[in-house]
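We name chains A, B, ... by the order of the sequence lines, and we start the count at 1 in each one. Nothing here was measured: the structure is a model prediction, and the numbers come from that model.
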There are 2 protein chains.
Amino acid sequence: MAQYDTVDRILDAAEELFADRGFSETSLRMITSKAKVNLAAVNYHFGSKNALIHAVFARFLTPFSATLENAFDDLEARCDGAPPTLNQTLWALTESAVRMPQRNEKGISIFMRLLGLAYTQSQGHLRKFLEQEYSQPFSRFMRLLKEATPQLSSVDRYWRIQFMLGATAFTMSSSDALRDILQNKLGVETTVQEIAARLVPFLAAGMQAEDAMLVPPAHKSSVA
Amino acid sequence: MAQYDTVDRILDAAEELFADRGFSETSLRMITSKAKVNLAAVNYHFGSKNALIHAVFARFLTPFSATLENAFDDLEARCDGAPPTLNQTLWALTESAVRMPQRNEKGISIFMRLLGLAYTQSQGHLRKFLEQEYSQPFSRFMRLLKEATPQLSSVDRYWRIQFMLGATAFTMSSSDALRDILQNKLGVETTVQEIAARLVPFLAAGMQAEDAMLVPPAHKSSVA
DNA sequence: TTGCCGGTCAAACGTATGTTTCAAACAGAC
DNA sequence: GTCTGTTTGAAACATACGTTTGACCGGCAA
């Protein structure tokens, strides 16, 4: 009993501190003192700081990837053989994320920020862990994207997927700070759901942009 | 003479290492040994590690913001009172970046990654430094964006600008790795200019997307 | 009661970090 | 050549980190 309490308290504290400050910038001493457990508890229960980072991700990502697979199953069943549209695919992803059971009110936004950091901070071990642990839903998502944008060349699609990833990871990774700025400047409250609702149309439109490729500066004007 | 050599060697090494590994993950010893200078040289010439980080940014950003202001001047002069279009504004920015005199072949992509890190790694001192040092060209760019997208609400525009920033910083920041992958998988060579040429249409389309806001999942289909 | 074992705790370990020190080397002016 | 201020160099500084240790506690089976 008591030990699960300790384990979860560590995970909760670590999740929040990592999201606030990054991985390298968060020490085990900060985590254990926030969690009100002994310093040695982390290495006792998890083995190392890196393993703790993995555990923080696994606690969210394992149920999420199951939810996501179900959402893709449903989507493909509903489409009855025809490939799902881009919008449908993107919504399946964001809905799965938003509908995850949340530990607290910050829940999803904390985790989005963590995913952004995972991509940004080049923590080799983390990337390796995520790739070999969750490659299946990732590949499936990529396949759906490909089938939803048959008009794109492989190269175009490749780059535009990177653009989508970037907009998402980057926005989510700084979403707390951005929300604060927005609230101070414009006095508007914003939830992760609302950000997602703004992000998806942006991504879909960019993904399906007319290809003005290799048209250099065009010193006059040329809005699509 | 000799001291400028030292200063520049430190800046070069720091720039590359910061871009590769992040700020906290790069120690002064890594920097000085890569630069082949004495450890104490950093604190002697710059005062502190944080001041070195600022100097790395200033070395690129100061001439860049001058170039950018000129590009905006030209653009507004050419438009003769009418507000420049979104495409023109984005091209002015990317052209200024691409045309910057580059210290080496990696040049611009290294710096894009640094800008991404500056936003992501919550190094308070860095954000403060950038904000108070380069607020003018930044505000001007924001104003141009606003005039180029009068149909957007302030909140929509705010978020879409974040999405653009994210797609750009993220893509450019990992463009070396991405280019390698692309070359291996598809046998295609890619330059930063070509990436920019793909990115701008994507951003412009996303920025001008029809606002499907707050239209939830829409279980059927709804590609614009 | 005894013995054990998972869990906690304070303390220490070794290492790496940013920064400082101070003597030596150097350059240019007189 | 000598002096003066600047730049380098090797070494040390204090501090923070992740990790390990060994004593200690509490419940439970024998």
In whole angstroms, how far is the P atom of dT7(D) from the NZ atom of Lys36(B)?
22 Å

Side chain to side chain donor-acceptor pair (under 3.5 Å) against Thr149(B), all qualifying residues, sequence neighbours excluded
Arg157(B)

Hey, can you tell me if His125(B) and His54(B) have their rings parallel, tilted or perpendicular (30° and 60° cut-offs)?
tilted

Using 30° and 60° as the class limits, which term best fits the ring planes of Phe111(A) and Phe60(A): parallel, tilted or perpendicular?
parallel

Salt bridge present between Lys34(B) and Asp20(B) (N-O < 4.0 angstrom):
no

Using atom NE2 of His125(A) as one end and atom P of dG18(D) as the other, report the distance to the nearest whole Å.
12 Å

Hydrogens and angles aside, do Ser24(B) and Glu25(A) bring a side-chain donor and acceptor to less than 3.5 Å of each other?
yes

Could you check whether the rings of Phe141(B) and Phe72(B) sit parallel, tilted or perpendicular, using 30° and 60° as the cut-offs?
parallel

Every protein N/O lying under 3.5 Å from an N/O of nucleotides 23-25 of chain C:
none

Generate the contact string for nucleotides 15-21 of chain C. Rules: B means base contact, S means sugar-phosphate contact only, - means no protein heavy atom under 4.0 Å.
--BBBBB

Inspect the contact between Asp5(B) and Arg9(B) and indicate whether a charged nitrogen and a carboxylate oxygen are less than 4.0 angstrom apart.
yes

Mind calculating the distance between CG (Asp8(A)) and C1' (dG7(C)) to the nearest angstrom?
16 Å

May I ask you to evaluate whether Thr6(A) reaches the phosphate of dT8(C), defined as a side-chain N or O under 4.0 Å from OP1 or OP2?
yes

So that I can tick it off, tell me whether Glu16(A) and Arg21(A) are bridged by a salt bridge, with the cut-off set at under 4.0 angstrom between side-chain N and carboxylate O.
no

Output the rounded distance in Å from CZ (Phe46(A)) to P (dT20(D)).
16 Å

Expressed as a whole number of angstroms, how long is the span from His45(A):NE2 to dT19(D):P?
15 Å

